[in-house]
Amino acid sequence: MTNVKRYLEGLQKKVHDTYGHQEEFLQAVDEFLHTVAPFMEANPQYSEKNILEMLIIPERLIEFRIPWMTDNGEWCVNTGYRVQYNSALGPFKGGLRFHPTVNQSIIKFLGFEQIFKNALTSLPIGGGKGGSDFDPKGKSEGEIMRFCQSFMQELQKYIGADIDIPAGDIGVGGREIGYLFGEFKRLNGYQAGVLTGKPLAYWGSLARTEATGFGLVYFVQHLLADAQDSFTDKKVLVSGSGNVAIYAIQKAQAFGAQVFGCSDSSGYVIDEDGIDVDLLKEIKEIRRERIRDYAEKRPNATFYEKGSIWNHSLDYDIALPCATQNEIYEKEANQLVANGVKIVAEGANMPTTLAAVTVLKKAGIVYCPGKAANAGGVAVSALEMAQNSQRVPWTFKQVDDELNSIMKNIYENCRDTALKYAEPMDLMAGANIAGFERVAIAMISQGLV
Ligand code: GLU
């Protein structure tokens with residue numbers, strides 16, 4: 001056994017012994033270690049300097065109490081988190097997630113992946129993530145506002161436009177960012193670049209709302225173009241119906257694809273006439289209703305309350321999981337194979353388990369990991385920071401063109417890195433190695449800090 005193999009095995013065992021209870025975090029680390037081995041063998045300086053272990057342990061992890069009051073005067077408390085994972089490439093950058101499943105393991109897996117995702121954008125941003133186990137579902141406007149204010153009262157001690165720049169994620173959109181921004185401003189004064197995903201009225205960026213979904217489709221577009229193919233007449237299924245899913249559907253349709261289905265936590269819809277994205281936006285963005293309401297308003301749409309959209313039997317070409325982590329296990333992956341799917345591209349973070357990825361790969365399906373394919377969101381966040389520093393807003397086209405070229409670079413970087421160190425089109429290995437190399441070079445050159 002080589003020294004590098006011994007190093008990797010020892011590290012994996014140590015991480016499992018220490019964080020055995022943090023399932024999602026271990027899943028993200030295992031997937032990463034699994035793919036970087038050939039690169040580590042070719043570059044022994046990284047294991048000699050123990051860079052991987054330094055990457056796995058966050059620079060800082062903050063956990064805090066968020067007291068807040070319901071409209072009925074009930075006293076409530078939630079837990080808040082911010083992981084400032086790695087600042088080798090720039091200030092910590094990453095979203096905030098408000099969802100009842102949030103815990104240390106979820107925040108650490110998201111923060112860990114964010115390091116490499118942000119590195120792949122080639123923009124000067126380190127990796128971070130945060131959030132709370134607060135459930136925004138069913139809460140009034142006043143409750144959401146008070147919760148955000150209380151969350152920021154604590155978080156503001158640790159962030160700043162050149163220190164750590166949070167943004168949105170599941171459960172945190174323009175409305176929440178607005179309340180968080182207002183509270184930060186009240187306590188510290190106006191600092192435009194302290195949060196991204198801001199409303200357009202006060203230094204948000206055009207195309208930020210669309211960025212993750214558009215970017216995902218651009219990534220796949222470049223992949224298809226490599227094989228002299230395109231989205232025209234491709235059949236697509238999407239999971240989720242939030243920001244990422246909506247704009248992925250819109251862009252895929254604009255490129256000539258037919259999108260037949262999407263979902264939310266209550267079930268999924270299959271619309272034989274293709275998803276009506278304006279209706280979906282009205283239901284999800286304006287009325288904040290359930291996907292069932294979409295099916296009721298469309299003549300040829302069916303709502304399925306039980307089961308996952310990924311277990312639906314239908315012939316189609318491209319699967320875009322855009323809901324949340326761990327949507328596609330081996331069972332769902334086998335169904336994708338049976339459906340004749342050719343490409344799986346992740347708009348969500350870690351929706352596919354490692355075992356499921358193995359099934360997809362064996363069947364020759366091209367798998368595009370979230371840390372590469374959904375990097376468009378954070379990339380445009382970094383462009384929002386650039387506009388905030390310049391104090392000049394860019395046009396939609398400027399931002400969108402830049403996003404497309406960033407996604408092309410990410411795709412080509414992952415493809416070329418896979419070819420060099422792993423199998424052709426092993427984009428998971430390509431993304432992990434290319435992201436890791438950038439961060440590792442910066443860490444070594446900055447010394448033991
Ligand atoms: N939450 C998004 C992600 O997973 C965006 C983060 C950001 O814009 O900072 O990458």
Side-chain angles (χ1 to χ4, degrees), residues 24 28 81-87 89-99 102 106-132 155 159-174 176-177 180-181 193-199 203-216 219 240 242-248 321-325 345-351 368-388 399 402-403 406-407 410 431 435:
E24 295 82 3
Y81 304 90
R82 185 72 185 165
V83 62
Q84 299 188 328
Y85 225 117
N86 191 292
S87 63
L89 296 176
F92 306 105
K93 180 82 197 89
L96 298 171
R97 177 176 290 192
F98 291 171
H99 193 268
V102 164
I106 298 276
I107 293 299
K108 279 175 66 186
F109 114 65
L110 290 164
F112 183 69
E113 295 234 304
Q114 197 84 42
I115 305 171
F116 310 107
K117 182 193 303 193
N118 294 3
L120 285 169
T121 67
S122 297
L123 295 164
I125 39 178
K129 199 85 189 191
S132 170
L155 187 70
I159 63 175
D162 288 309
I163 301 168
D164 182 355
I165 306 94
D169 196 85
I170 295 172
V172 178
E176 291 74 19
I177 292 290
L180 292 163
F181 188 77
V194 69
L195 292 169
T196 62
K198 294 181 291 294
W203 293 106
S205 173
L206 285 163
R208 175 62 189 88
T209 311
E210 294 85 351
T212 315
F214 278 19
L216 174 68
F219 187 96
N243 191 37
V244 181
I246 287 174
Y247 292 97
C322 297
T324 191
Q325 69 273 356
E346 297 180 334
N349 293 311
M350 208 169 71
C368 311
K371 62 169 79 75
N374 74 33
V378 76
V380 171
S381 274
L383 301 182
E384 181 174 333
M385 289 159 66
Q387 295 169 70
N388 296 161
V399 180
E402 190 61 32
L403 168 65
I406 291 170
M407 296 316 295
I410 296 176

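As the structure lists them, so they are numbered: ligands from 1, and atoms in each ligand from 1. Atoms considered below: every heavy atom in the structure, side chains included; atoms not considered: hydrogens, waters and symmetry mates.
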Which residues pass the side-chain hydrogen bond (donor to acceptor under 3.5 Å, both in side chains) test with Asn388, sequence neighbours left out?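 Scan of Asn388 (side-chain hydrogen bond (donor to acceptor under 3.5 Å, both in side chains), adjacent residues dropped) gives Lys198.
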
According to ring-ring contact (aromatic ring centres under 6.0 Å, His included), who are the partners of Phe181, at least two apart in sequence or on a separate chain?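 Residues passing ring-ring contact (aromatic ring centres under 6.0 Å, His included) with Phe181: Tyr190, Tyr202.
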
Any residue meeting side-chain contact (heavy atoms from CB on, under 4.5 Å) with Ala373, in chain and number order, not counting sequence neighbours: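 Ala373 satisfies side-chain contact (heavy atoms from CB on, under 4.5 Å) with Leu216, Phe219, Cys368 only.
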
Given side chains that start at C-beta, do those of Val378 and Ile125 come closer than 4.5 Å, heavy atoms only?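 Yes, close enough: below the 4.5 Å cut-off.
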
With side chains defined as the heavy atoms from C-beta onward, is the minimum distance between Ile163 and Pro91 less than 4.5 Å?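 In short, these two side chains do not touch, never coming nearer than 4.5 Å.
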
Amino acids contacting ligand 1, non-hydrogen cut-off under 4.0 Å: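 Residues near ligand 1: Lys93, Gly94, Gly95, Gln114, Lys117, Lys129, Ala167, Gly168, Asp169, Arg208, Asn349, Gly377, Val378, Ser381.
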
Quick check: closest heavy atoms across Gly131 and Leu96, and the distance to 0.1 Å?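 Nearest pair, atom of Gly131 first, then Leu96: N-CD2, 3.9 Å.
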
